[in-house]
Every structure is written in C-alpha cells, then in structure tokens.
2 protein chains.
Amino acid sequence: MISFDNFIMEDSSPIYLQILLYIKREIIAGTVKDGDELPSRRMLSALLGVNPNTVQKSYKMLEDEALIISHSGAKSNVSLDEEKKKKIRQEVLHADAETAVRTLKQMGVTKEEAFALISEYWD
Amino acid sequence: MISFDNFIMEDSSPIYLQILLYIKREIIAGTVKDGDELPSRRMLSALLGVNPNTVQKSYKMLEDEALIISHSGAKSNVSLDEEKKKKIRQEVLHADAETAVRTLKQMGVTKEEAFALISEYWD
DNA sequence: TAAACCGTATTAGTCGACTAATACACTTTT
DNA sequence: AAAAGTGTATTAGTCGACTAATACGGTTTA
C-alpha cells in the first residue's frame with residue numbers, strides 16, 4: 001500500500017496535481033512498484049482532508065497515462081514497466097531540476113553557492 | 001527599468017504570484033535596486049499578455065510589503081534597504097532551496113546525484 | 001495648455017478547482 | 001447470502017483567478 005506519510009500540501013497549486021506528482025515521485029524513488037495497491041479514493045480523501053472527487057481526478061489522470069489500473073468494484077493497482085519508469089523519471093526529475101536551476105540562477109546564485117545551499121538544506 | 005526578458009509563464013500557479021516572485025528574485029539577484037522604475041501596469045500586462053488587473057494585483061501585494069512605492073498618476077518605484085533585501089532573500093531562497101531538496105530527496109536522489117543533476121542542467 | 005500616460009477603482013462575467021450529496025453496480029469479506 | 005468497501009458517475013454549488021470594459025483624477029511631456 002502506497003504511503004502518504006511524507007505528503008505535504010502546498011497551496012497555489014491544484015491538489016489533484018500535487019497528488020499526481022507525489023505518486024510519480026514515489027515511483028521514481030522506487031518505493032512504489034508494479035502491482036502495488038493504491039489507497040481507495042475515499043480513504044485517501046479522508047486522510048488528506050480533501051474531497052473524494054479530487055482524488056478521483058488524480059487517479060483518473062494516472063489511469064489515462066496507464067500508470068495505474070482501476071478494477072471497477074475492487075482496489076486500484078500500480079502498473080509499471082521499465083519503459084514507463086524511465087519516461088516519468090525523465091519527465092518529473094527533468095522538470096524539477098530545471099525549475100530549481102532556473103530559479104537559483106535568476107537569483108544570481110553561482111553553481112558553487114547552489115551546492116552549498118543544497119548541502120545546507122539536505123539534512 | 002526592470003526587465004522581464006527572462007520571465008517564463010508557468011501554468012498551475014497564479015500569474016500574479018509568478019510576477020511577484022519574479023520581481024523578488026530579481027531583487028535578490030541585485031539586478032533590481034532601490035529606486036528602480038517599474039513598467040506601468042498597462043505596459044507589463046501588454047507585454048505578458050495578461051489582464052492589467054492581474055499585474056495590479058502583483059504590484060498591490062508588493063506595495064503592501066513595502067517593496068515598491070506607487071505614486072498616483074506617476075510611475076512606480078522599487079523601495080529597498082538592506083533589511084528588506086535580507087528578509088526576502090531568506091524568504092524566497094529558503095523556500096526554493098527547501099522545495100528543491102524535498103522533491104529530490106522524495107525521488108530517492110542522493111546528495112551526490114543532486115550535485116550531478118544541478119551541474120548537468122546548469123549550462 | 002493639451003495630449004498622453006499613469007495609478008486606482010468599479011462592475012460584470014467566465015472558467016477552473018474544489019466541495020457536497022447521492023446513486024449504482026461490482027467485488028471482497030465475513 | 002449479507003454487509004462493507006470499491007470504482008464510477010451525476011448534479012449542484014462555492015470560490016478564487018482572471019478577463020473585460022470603463023471611468024476618474026493626478027502626473028508627465030511635448
């Protein structure tokens with residue numbers, strides 16, 4: 001069962017996108033594997049304090065990307081192979097790194113200062 | 001006059017916040033200094049292709065934080081001292097670094113891999 | 001001085017994100 | 001078989017972000 005212990009809700013970004021990204025990042029980390037069971041829409045919505053429809057929207061998008069499979073009436077499961085993993089790794093990791101570099105560079109931070117910052121906030 | 005050449009509009013985040021953050025990051029970079037002139041609401045909205053009210057909202061929030069001063073009828077100007085600069089540096093740089101580290105760590109990236117990633121996307 | 005720009009404000013409307021309540025058919029569990 | 005949980009769908013409504021059009025008075029500029 002996928003854990004949402006480390007999920008932190010931001011504002012200024014749609015919740016359904018945050019849930020979507022959280023799951024994708026867990027897939028990249030390898031903590032979520034092929035066949036893993038997802039929490040039900042109702043359970044997760046109760047856990048996060050959001051509406052079931054919001055979770056449903058996240059799950060629907062994941063299903064449209066063929067990253068999960070929903071069996072009507074039963075639990076939903078993760079569906080992964082190496083190709084899919086490589087694809088979302090490229091997609092999410094790329095975007096996150098690019099965004100981080102772009103904002104840091106805009107603020108005039110040098111590469112060495114960036115390393116120092118990363119180190120500082122890593123622990 | 002503040003330049004918006006490097007401004008890239010994202011979706012999934014309110015435009016008025018993106019403009020606000022862009023200006024704060026330019027202040028941190030030092031490319032925007034005390035007394036600098038801001039583009040007028042109408043000019044910037046035309047440049048970015050958004051509604052004048054959206055820009056007005058960004059400027060109003062900057063004025064509420066005393067980072068800019070608006071003279072009714074005339075141009076608006078940046079208002080900075082060392083204390084303000086230190087404060088927003090702490091606010092924005094802190095948040096950006098923290099977000100970057102949190103997402104990278106969630107994806108199972110090690111500190112060394114993070115350095116390699118930053119290096120890769122830096123140029 | 002007159003034109004052109006400026007900041008500010010108001011009103012109305014659209015649209016997406018999200019909530020709320022409910023229903024139905026299917027699967028699993030007891 | 002019955003109960004509980006599940007995915008899916010529908011309808012209605014709220015709320016914030018954003019657009020659109022317009023107006024007014026002050027400042028700058030030619």
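Values below: all heavy atoms of this structure, side chains included; hydrogens, waters and symmetry mates excluded. In the text below, chain A, chain B and the rest are named by the order of the sequence lines, each starting its count at 1.
Atoms CG (D64(A)) and P (dT8(D)) sit 10 Å apart, rounded to a whole Å. When rounded to the nearest whole Å, the span between CD of E37(A) and C1' of dG7(D) equals 13 Å. Between the P atom of dT6(D) and the CD atom of E63(A) lies a distance of 17 Å, rounded to the nearest Å.
When all heavy atoms of S58(B) and I19(B) are compared, the pair lying nearest together is OG-CB, 3.5 Å. Here the closest heavy-atom approach between residue L38(B) and residue K75(B) is recorded as O-CD, 4.2 Å. Residue I8(A) comes nearest to Q18(A) through the heavy atom pair O-OE1, 4.0 Å, listed as atom of the first residue, atom of the second, then distance. Closest approach of M107(A) to I28(B), counting heavy atoms only: SD-CD1, 3.8 Å.
Other residues, nucleotides and ligands contribute only 12 or fewer heavy atoms inside 6.0 Å of the NZ atom of K60(B).
Taking every heavy atom of residues 47-54 of chain B and every atom of DNA chain D, pairs under 4.0 Å involve V50(B), N51(B), N53(B), T54(B), by number. Residues from residues 11-24 of chain A that place a heavy atom under 4.0 Å from any atom of DNA chain C, listed by number: P14(A), I15(A), Y16(A).
E120(A) has its side chain within reach of L117(A): a pair of non-hydrogen atoms, C-beta onward, lies under 4.5 Å apart. Annotation: side chain of D34(A) is not in contact with side chain of N77(A) (no heavy-atom distance under 4.5 Å).
The ring-ring contact (aromatic ring centres under 6.0 Å, His included) pairs that include a residue from residues 44-69 of chain B number zero, where partners must be two or more places apart or lie in different chains. Under the ring-ring contact (aromatic ring centres under 6.0 Å, His included) criterion, the residue pairs touching residues 20-47 of chain A are F4(A)-Y22(A), F7(A)-Y22(A), with sequence neighbours excluded.
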_nucleotides 24-29 of chain D: protein proximity per nucleotide (B base, S sugar-phosphate only, - neither; heavy atom, under 4.0 Å)_ = --BS--
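For L21(B), the side chain to side chain contact (heavy atoms under 4.5 Å, CB included) partners at least two apart in sequence or on another chain are R25(B), V92(B). For K86(A), the side chain to side chain contact (heavy atoms under 4.5 Å, CB included) criterion is met by no residue, not counting sequence neighbours. Listed by chain and residue number, nothing satisfies the salt bridge (charged side-chain N to carboxylate O under 4.0 Å, His left out) test with E83(B) (two or more places apart in sequence, or in another chain). Every ring-ring contact (aromatic ring centres under 6.0 Å, His included) that H94(B) has, sequence neighbours left out, goes to Y121(A).
End-to-end axis angle of the helix from dT1(C)-dA30(D) to dT30(C)-dA1(D), using five pairs per end and rounding to 10°, comes to 30°.
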What donor-acceptor contacts under 3.5 angstrom involve side-chain atoms of residues 47-54 of chain A, with partners at least two apart or in another chain?
unit_1: N51(A); atom_1: OD1; unit_2: N53(A); atom_2: N; d: 2.9
unit_1: N51(A); atom_1: OD1; unit_2: N53(A); atom_2: ND2; d: 3.3

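Considering only side-chain N and O atoms, S76(A) lies under 4.0 angstrom from the phosphate OP1 or OP2 of dG7(D).
For DNA chain C, the contact window with chain A, defined by any atom under 4.0 Å from a protein heavy atom, covers dA17(C) to dT27(C) in 5' to 3' order.
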*Checking side-chain contact (heavy atoms from CB on, under 4.5 Å) for the pair K57(A)/I15(A): CA distance, chi angles, key distance, verdict?*
CA-CA 10 Å; K57(A) 186 161 188 178; I15(A) 299 175; over 6 Å; no
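Using a 4.0 Å heavy-atom cutoff across all strands shown, K60(A) reaches no nucleic acid atom at all.
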